[in-house]
Structure formats: structure tokens, C-alpha cells
Amino acid sequence: MTNKYMYFIANWKMFGSLSSLNSVTKVVRFLKNFKKNKFLKIIYCPPNTLIYPLSKKLMKSRIDIGAQNCHEQESYGAFTGSINSFMLKNVGAKYVIIGHSENRHAGESDKMINKKIKSALKTGLKIIFCIGETIHERRKKNTKSVLSKQIRLGLMNIKNKKDIIIAYEPVWSIGTGIIPKLDDLSKIIYFIKRKVRNCKILYGGSVNPKNLDKLKFIKNIDGYLVGGASQDSKKFIDIIKKTYN
Ligand code: 13P
């Protein structure tokens with residue numbers, strides 16, 4: 001049982017249509033009646049197409065909305081297919097995920113991630129900054145050096161980190177059903193907390209109601225960034241319930 005303030009962030013990735021928003025209604029209802037609701041923050045990060053309708057739906061709730069990425073320039077520009085942080089804020093986003101491994105894999109560099117974070121902070125969005133090592137890097141025992149580099153370059157010249165949440169997502173854990181050994185995970189979270197003081201540190205990678213029975217014993221985690229399981233309202237609610245049981 002915990003009374004700690006925890007974040008539950010739903011990353012829907014490239015999933016969801018207007019009808020998917022019905023599942024959020026159940027979560028809104030659950031949150032209203034949940035005794036520990038003052039101890040948690042739920043943030044939905046749907047695809048960009050759903051930010052505006054979801055923000056209308058969640059207007060009277062305590063649930064916030066985030067986007068999954070943004071362009072690095074905060075003003076308008078000739079960048080076909082891109083959306084900047086100002087445009088996301090304009091339709092209801094308060095947060096934005098930056099540096100997700102799926103985008104790093106697609107070519108996003110630490111330098112670009114740093115630019116995006118600065119631009120989104122300037123706009124007034126809060127940041128969910130993702131870091132994590134690949135299986136290859138882990139096997140070579142490079143986890144700590146990889147994380148240090150991602151943090152150093154991603155947060156370069158950003159003094160005020162109060163609006164930054166860090167999500168540790170080992171790449172080998174995303175979508176695989178495998179989570180790190182609890183002891184290893186606790187040590188890595190501690191390592192990150194010492195590197196970036198005063199930031200909340202979340203865990204992401206195959207979080208589901210089953211493995212939450214284990215994850216909840218890691219005391220230094222400040223919440224979860226949930227992919228697949230967040231699209232199913234029952235599973236997402238179970239994750240929250242189990243955290244506080
Ligand atoms: P899964 O929970 O589906 O493994 O995804 C994790 C993730 O990438 C969240 O950002």
C-alpha cells in the first residue's frame with residue numbers, strides 16, 4: 001500500500017479512433033470514486049488526431065492530456081506533416097513525450113531531442129523525457145553510460161527541470177512482456193535519481209496488472225508509462241488499483 005504521489009501515463013502510440021475514447025469514460029468514472037485519487041495523476045497521450053476531442057471529453061476531470069512527440073521549432077514553419085508544441089498546447093495538451101525509443105530508432109538524435117525539450121518547455125508544456133538502453137547495450141554492460149549520455153545531451157543547458165518527468169524505458173522491455181529484475185530496476189532508478197535530482201522517475205516497458213504485483217515493491221518509482229495495457233481501460237484501472245493495494 002502506498003500513499004505516494006504516482007503518475008500513470010497512457011501512451012497509445014499509433015492506435016485509436018474516435019470510438020476508442022469511450023474507454024476513457026470508464027477511467028474518468030473510476031477516478032471520481034477512487035479513494036486515493038488525490039495521490040495520483042493520470043495523463044493520456046493519444047495520437048494527435050484525438051487530442052482535441054479527448055480534451056473536450058476530459059474538461060471537467062482531473063485527467064490531463066499529453067502528445068507523443070513534437071517538432072523542435074515552437075513557431076509556425078514550412079515543415080510538411082509536422083506539429084509543434086504550440087499547436088499541441090492550443091488543442092489541449094499539457095504534456096509531451098520526447099525521446100521515446102521508437103522515435104530514437106527512427107533517427108531522432110540526442111541533439112534534436114534537446115531542441116524539442118527546450119522548445120516545448122518554452123511553450124509551457126511539461127515534458128515526459130524517455131531514456132533507455134537497447135538489449136545490445138545492456139549485454140555489453142553499457143546501460144549506465146548510455147543513460148548518462150542520453151540525460152547529459154537530452155537535458156543540455158536546461159537548468160530548471162521542474163517541468164520534466166523522466167521515463168526509464170529499457171528498449172528490450174517495450175512490448176516484449178519482459179521486465180527488468182526488480183533489484184536491477186531499483187538500482188537504475190536510484191542511479192537516474194542521483195543524476196537528475198528533483199525529477200520524478202517513471203518506469204515503462206510491458207507494465208501490466210500482472211507484473212504490477214512485483215513492480216509495486218520498488219519504492220523509488222514515481223509511476224508508470226504504459227503502452228499496450230493503457231488502451232484497455234480495465235487493465236489500466238487494475239494497474240492503478242494494484243499500485244495502491
Ligand atoms: P508497452 O507497455 O506496450 O511495452 O510500451 C511501453 C512504452 O513504450 C510506453 O511508452
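Just so you know, ligand 1 is whichever comes first in the structure, and atom 1 is the first atom listed for that ligand. As a basis for the values below, the full set of heavy atoms in this structure was taken, side chains included, without hydrogen atoms, waters or symmetry mates. Nothing here was measured: the structure is a model prediction, and the numbers come from that model.
- For Q68 (side chain) and C45 (main-chain N/O), a donor-acceptor pair under 3.5 Å exists by modelled atom type.
- Distances below 4.0 Å separate heavy atoms of G228 from the following atoms of ligand 1: 1 (P), 2 (O), 3 (O).
- Heavy atoms of G204 stay at 4.0 angstrom or farther from ligand 1.
- Under 4.0 angstrom from ligand 1, the non-hydrogen atoms of N11 all belong to its side chain.
- Per-residue contacts place S206 under 4.0 angstrom from the following atoms of ligand 1 (heavy atoms of the residue considered): 1 (P), 2 (O), 4 (O).
- In this structure the side chain of F191 never reaches within 4.5 angstrom of the side chain of T143, judged on heavy atoms.
- Using a 4.0 Å cut-off between a side-chain N of Lys or Arg and a carboxylate O of Asp or Glu, D222 and K193 qualify as a salt bridge.
- Salt-bridge annotation for D110 and R104: present, with a side-chain N of the basic residue lying under 4.0 Å from a carboxylate O of the acidic one.
- Scanning the protein heavy atoms around atom 2 (O) of ligand 1, the nearest turns out to be G227 N, 2.9 Å.
- Across the listed options Q68, H100, K13, H100 owns the non-hydrogen atom lying nearest to atom 10 (O) of ligand 1.
- Contact of the K35 side chain with the Y244 side chain is not registered, since no non-hydrogen atoms from C-beta on lie closer than 4.5 Å.
- A heavy-atom separation below 4.0 Å is not found between A229 and ligand 1.
- Counting heavy-atom neighbours within 6.0 Å of K41 NZ, excluding the residue itself, gives a total above 12.
- Interface atoms of ligand 1 facing G175, defined by a heavy-atom separation under 4.0 Å, are 1 (P), 4 (O).
- Less than 4.0 angstrom separates some heavy atom of L225 from each of these atoms of ligand 1: 9 (C), 10 (O).
- A salt bridge is absent between K116 and E72; no separation between the charged side-chain nitrogens and carboxylate oxygens falls under 4.0 Å.
- Taking a cut-off of under 4.0 Å to the non-hydrogen atoms of E169, the atoms of ligand 1 that pass are 6 (C), 7 (C), 8 (O), 9 (C), 10 (O).
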